[in-house]
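First comes the structure, then the notes that go with it.
Side-chain atoms are counted along with the backbone in the values below, which use heavy atoms only and exclude waters and symmetry mates. Each chain gets a letter, A, B and so on, in the order its sequence line appears, and its residues count up from 1. For clarity, every value in this text was computed on a predicted model and none was experimentally measured.
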There are 2 protein chains.
Amino acid sequence: MKALVVDDDRVLADIVSFTLRREGFQVVQAGDGEAALKRLAEEQPDIVILDVNLPKAVPALDGFTVCQRIREKSNIPVILLTVREDEDDIVYGFKVGADDYVLKPFSPRQLVARVQAVLRRVGASTEAHSKQAGSLSFDPDRREALVEGREPVSLTALESRLLEYLMLYPGHILTNQDLIDHIWGPGGGDRDMLRQLVRRLRMKIEPDPAQPSLIETVAGRGYGLRKTG
Amino acid sequence: MKALVVDDDRVLADIVSFTLRREGFQVVQAGDGEAALKRLAEEQPDIVILDVNLPKAVPALDGFTVCQRIREKSNIPVILLTVREDEDDIVYGFKVGADDYVLKPFSPRQLVARVQAVLRRVGASTEAHSKQAGSLSFDPDRREALVEGREPVSLTALESRLLEYLMLYPGHILTNQDLIDHIWGPGGGDRDMLRQLVRRLRMKIEPDPAQPSLIETVAGRGYGLRKTG
DNA sequence: TGAACCTGTGATAAAGCTGTGATAATGAGG
DNA sequence: CCTCATTATCACAGCTTTATCACAGGTTCA
């Protein structure tokens, strides 16, 4: 299991690295955004721990931007480190695709817990996708959905999150609120947005969007993926 | 078996939810205390997993207070999640009526063990979603009722609550007031509404709605599910 | 017998939910 | 700067769900 630690603060980076190594991780470091992207390509880590507060030496490459770049080209989970307790930061972090955040100061134990939690979650989700719900499969790297016997369709970030989450529980109905919370984060979405998102996803993956066969609706409750796709 | 997970940390809530779902639970989430109380009334879960460290957005509604409110109005078991190892917290947790606590960080296995221990202690059977009574079965996920030898019928939210409650005590008569309180909450329904609801449910599930064989009426008292369906 | 009460039934109106289309805001890339 | 893709917001039709009113038939009991 390989981790990439991105932080300009050498001391903090060393603490994080030490903590992770003790847990059996192989660790690579980077001191700024540019180096991070370079080592990301070279090392292919399994997870990135990223300080949002990077030096301004390289303009326009703060933590959020780096996170965004990472997410554009891969699906490697990212955990953000932030001193600010400003909720905007966290929301923005999720917006650029972060998987979790840890507020500084943090205890080593806390960090390890988050890292393992995220890895477990990602592991779970890829497992689900490999299981292939019915005639559906999804490639999170390319963000492409594949319906049996048709061309692959590329999905947007939100569509991917929705599909991925639905595929975690094929045959089960997920509550509207549950989906909203998971896709947009707490307090970040409403039912209207969810409806539109489901609609767009259906347009892309349903053979006949007018009569959905993959994503089923339970009025007043939520949506789910049909098992007999 | 339905669980309510209350946590403002989306990631943690998702982990807990995933873990429980994998064990066959139906899971609902809430992001703060207010939502928790609302969904508690709506969803009637069998157990609550509650993070004591809730956001201060709603003042005076931290985890302990929420726990207290829950215990005031119902007997649903509550498990507290706490980061603090402070023994006072635990003591205080028990004081407001918690049934057990789990210290963060925890492993999924650990959580499941606690949940099942508490449920066993309370005397609930940890059975799968679909409930059965005689020739009747009900899928709360889809809100579909299945009468032996016929097509599944989809029920509305209220109809589901009624049927679910009746199925909890097959062969017993439940008081009108009891049913009303349980379905609409205290002070929320009247006998007329109940009559209509029973009527609509009968229309859907009774082979011959004019001569009910499943739901029996005891004049002046209430309704019940016949055991010899 | 007749009043009070209860139940089943029907009809109707208000409220809510979903799918749909159109349109603005937002952000990325040339 | 402009253009395109993505996302958010608004409005609306059709349907379902729910609450409310009205009424007939049955039972109980004084």
Side-chain angles (χ1 to χ4, degrees), chain A residues 60-61 64-73 88 91-92 94-97 143-144 153-163 173-177 179-180 183-185 187-204 206 208-224, chain B residues 42 142-145 153-163 173-177 179-180 183-185 187-204 206 208-224:
Chain A
L61 257 188
F64 295 118
T65 316
V66 173
C67 177
Q68 204 163 13
R69 293 281 171 82
I70 294 174
R71 196 37 43 84
E72 276 164 13
K73 57 180 72 171
D88 289 348
V91 170
Y92 192 64
F94 277 121
K95 217 163 181 176
V96 294
R143 289 214 293 239
E144 277 182 346
V153 219
S154 72
L155 303 183
T156 71
L158 289 184
E159 287 158 8
S160 300
R161 273 209 203 181
L162 171 59
L163 181 58
I173 302 298
L174 297 169
T175 308
N176 287 319
Q177 196 55 53
L179 288 165
I180 291 168
I183 295 172
W184 284 275
D190 60 33
R191 249 209 310 254
D192 220 356
M193 288 155 67
L194 178 61
R195 236 177 11 188
Q196 295 297 339
L197 186 60
V198 169
R199 173 174 159 69
R200 289 196 303 264
L201 183 56
R202 273 177 174 158
M203 289 294 214
K204 287 192 179 176
E206 290 278 4
D208 177 10
Q211 279 165 8
S213 61
L214 300 174
I215 302 174
E216 68 178 316
T217 303
V218 175
R221 203 163 165 75
Y223 298 88
Chain B
E42 289 168 3
R142 282 176 184 63
R143 297 210 286 233
E144 277 181 345
V153 216
S154 71
L155 306 183
T156 71
L158 290 184
E159 287 158 8
S160 300
R161 271 207 208 171
L162 171 59
L163 181 58
I173 301 298
L174 297 169
T175 308
N176 286 318
Q177 196 53 52
L179 288 165
I180 291 168
I183 295 172
W184 283 274
D190 60 36
R191 212 173 307 183
D192 214 356
M193 287 153 68
L194 178 61
R195 234 173 10 178
Q196 294 296 339
L197 186 60
V198 169
R199 171 174 159 69
R200 289 196 302 263
L201 182 55
R202 274 177 173 157
M203 290 293 218
K204 287 192 178 175
E206 291 278 5
D208 177 10
Q211 278 163 10
S213 61
L214 299 174
I215 302 174
E216 66 179 319
T217 303
V218 175
R221 239 191 115 57
Y223 299 88

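- Here D:dT7 presents its P atom at 16 Å from CD1 of A:Ile180, a figure rounded to the nearest Å.
- The backbone N or O of A:Met203 sits nowhere less than 3.5 Å from a side-chain atom of A:Glu206 that would complete a donor-acceptor pair.
- Between B:Arg199 and the phosphate of C:dT9, there is a side-chain N or O to OP1/OP2 separation shorter than 4.0 Å.
- Per the geometry, CG belonging to B:Leu194 stands 15 Å off C1' belonging to C:dT9, to the nearest Å.
- When atom types are taken as modelled, the side chain of B:Arg143 and the backbone of B:Ser160 share no donor-acceptor pair closer than 3.5 angstrom.
- A:Lys204 places no side-chain N or O within 3.5 Å of a backbone atom of A:Leu155 that could act as its donor or acceptor partner.
- Using a 4.0 Å cut-off, no side-chain N or O of B:Tyr223 falls inside it from OP1 or OP2 of C:dC6.
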*Test A:Trp184 against A:Leu158 for side chain to side chain contact (heavy atoms under 4.5 Å, CB included), laying out the working first.*
CA-CA 8 Å; A:Trp184 284 275; A:Leu158 289 184; 3.8 Å; yes
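- Using a 4.0 Å cut-off, some side-chain N or O of A:Arg202 falls inside it from OP1 or OP2 of C:dG19.
- Counting to the nearest Å, the C1' atom of C:dT7 and the CD atom of B:Glu216 are 15 Å from each other.
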*Indicate for each nucleotide in nucleotides 14-29 of chain D, in 5' to 3' sequence, whether protein heavy atoms under 4.0 Å reach the base (B), only the sugar-phosphate (S), or nothing (-).*
---SBSBBB-------
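- The distance between atom CD of A:Glu206 and atom P of C:dT18, rounded to the nearest whole Å, is 16 Å.
- In this structure, B:Leu201 places its CG atom 12 Å from P of C:dG8, rounding to the nearest Å.
- The list of salt bridge (charged side-chain N to carboxylate O under 4.0 Å, His left out) pairs with a residue in residues 208-219 of chain B, not counting sequence neighbours, reads B:Glu216-B:Arg226.
- As a whole-Å value, the separation of A:Arg71 CZ from D:dT6 C1' is 17 Å.
- A sub-4.0 Å separation between OP1 or OP2 of C:dC17 and a side-chain N or O of A:Asn176 is absent.
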Ignoring hydrogens and angles, write down the donor-acceptor pairs under 3.5 Å from the side chains of residues 194-202 of chain B, residues two or more places apart or on other chains.
| from | atom 1 | to | atom 2 | distance (Å) |
| --- | --- | --- | --- | --- |
| B:Arg195 | NH2 | B:Asp192 | OD1 | 2.3 |
| B:Arg202 | NH2 | B:Ile215 | O | 2.9 |
| B:Arg202 | NH2 | B:Thr217 | OG1 | 2.7 |

